[in-house]
Amino acid sequence: MATAVFHQAGGALQSNSYLNSSGYHHELANASLRLISKAFKADIRQLKRSYIPGQRNFGLIQASSSETSVFDPVLSPSNKSSSDSKKKSNEVALILIRHGESLWNEKNLFTGCVDVPLTKKGVEEAIEAGKRISNIPVDMIYTSALIRAQMTAMLAMTQHRRRKVPIIIHNESEQARTWSQIFSEETKKQSIPVLTAWQLNERMYGELQGLNKQETADRYGKDQVHEWRRSYDIPPPNGESLEMCAERAVAYFKHNIEPQLQSGKNVMIAAHGNSLRSIIMYLDKLTSQEVISLELSTGIPMLYIFKEGKFIRRGSPAGPTEAGVYAYTRRLAQYRQKLDDMLH
Ligand SMILES: O=C(O)[C@@H](CO)OP(=O)(O)O
């Protein structure tokens, strides 16, 4: 069980070993891009006719669509070829990102549900993460209610080549809904809804919040602190165990996010070390023993393909120009090819 596959030790190249073990190679990626280029020539011609160079305005290509909210015109049901390929492949992308370094990560303090922003390095990590996923479709974004996850999602999206605008949805009251309305269908189509949910927050660290991790280990012992930090069902004093965190985070994922994936939406989730560990435990069917050694680095995007009700882990996109990641699926390669054709 490759539980350490997402642990970054100097880059995201771990994904390559995953890639190789899946039998994907860069040559395959290039070959598949050529094939796709041929198969989708007509489709691309159609898209080009509607694209206004210099404006990066994709909206005009979908003037007749009845879809008015979030669906990406490049992949929308109104685009016949894409629609056909979607029916065939019936797959979508799921990106998970742990937030970039926060000011309390930097100070080595237990953070939990304390709402701490990113450091400059965290900002840079988020931008780098955005470059790595800049060619992967994103129709909806979910973040926790905490600013470090929200900053990460927004900064990452500044790098996306599709140039849609991520917009935080305010559903907290009737007035918030009314006051944040958008009155242009065209503008809505160029937006990505960002849903915030406390259920995706970091595990509540109880009375450890604000304490220094090293000092706590010195005081209570390394083993005790490791148990609090990584065991599945032992909570830190007055805090949540990973199991308790999973009860809300995985439930939210199943009830709110999975239906979006099933309906064909490509989703990005920006959240936290432990809320994402619990979700990955569910996606990868890890045991409570296996999840102990699962560590997530800050700011590294992780890609899954959701296909026929199954989650297939594809690793971490290694870079915006890395061909390997696009060998993952035909559909991702199609998406990138269309972006290339429209933006060059
Ligand atoms: O302090 C926290 O909230 C978390 C994540 O930074 O720490 P840990 O790695 O101990 O789960």
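Counting starts at 1 for both ligands and their atoms, following the listed order.
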Listed partners of Arg219 passing side-chain hydrogen bond (donor to acceptor under 3.5 Å, both in side chains), at least two apart: none
Ligand 1: protein residues within heavy-atom distance under 4.0 Å: Arg98, Asn105, Leu109, Phe110, Thr111, Gly112, Glu202, Tyr205, Lys213, Arg229, Arg230, Asn274
Between Glu125 and Thr298, a side-chain donor and acceptor under 3.5 Å: yes
Whether Tyr304 and Phe311 hold their rings parallel, tilted or perpendicular, with breakpoints at 30° and 60°: perpendicular
Criterion side-chain hydrogen bond (donor to acceptor under 3.5 Å, both in side chains) on Glu101 and Thr119, from CA distance to verdict: CA-CA 6 Å; Glu101 183 196 67; Thr119 58; 2.5 Å; yes
Exam field: side chain Arg163 to backbone Thr158, donor-acceptor pair closer than 3.5 Å: yes
Atom pair CE/SG of Met281 and Cys245 - distance to nearest 0.5 Å: 11.5 Å
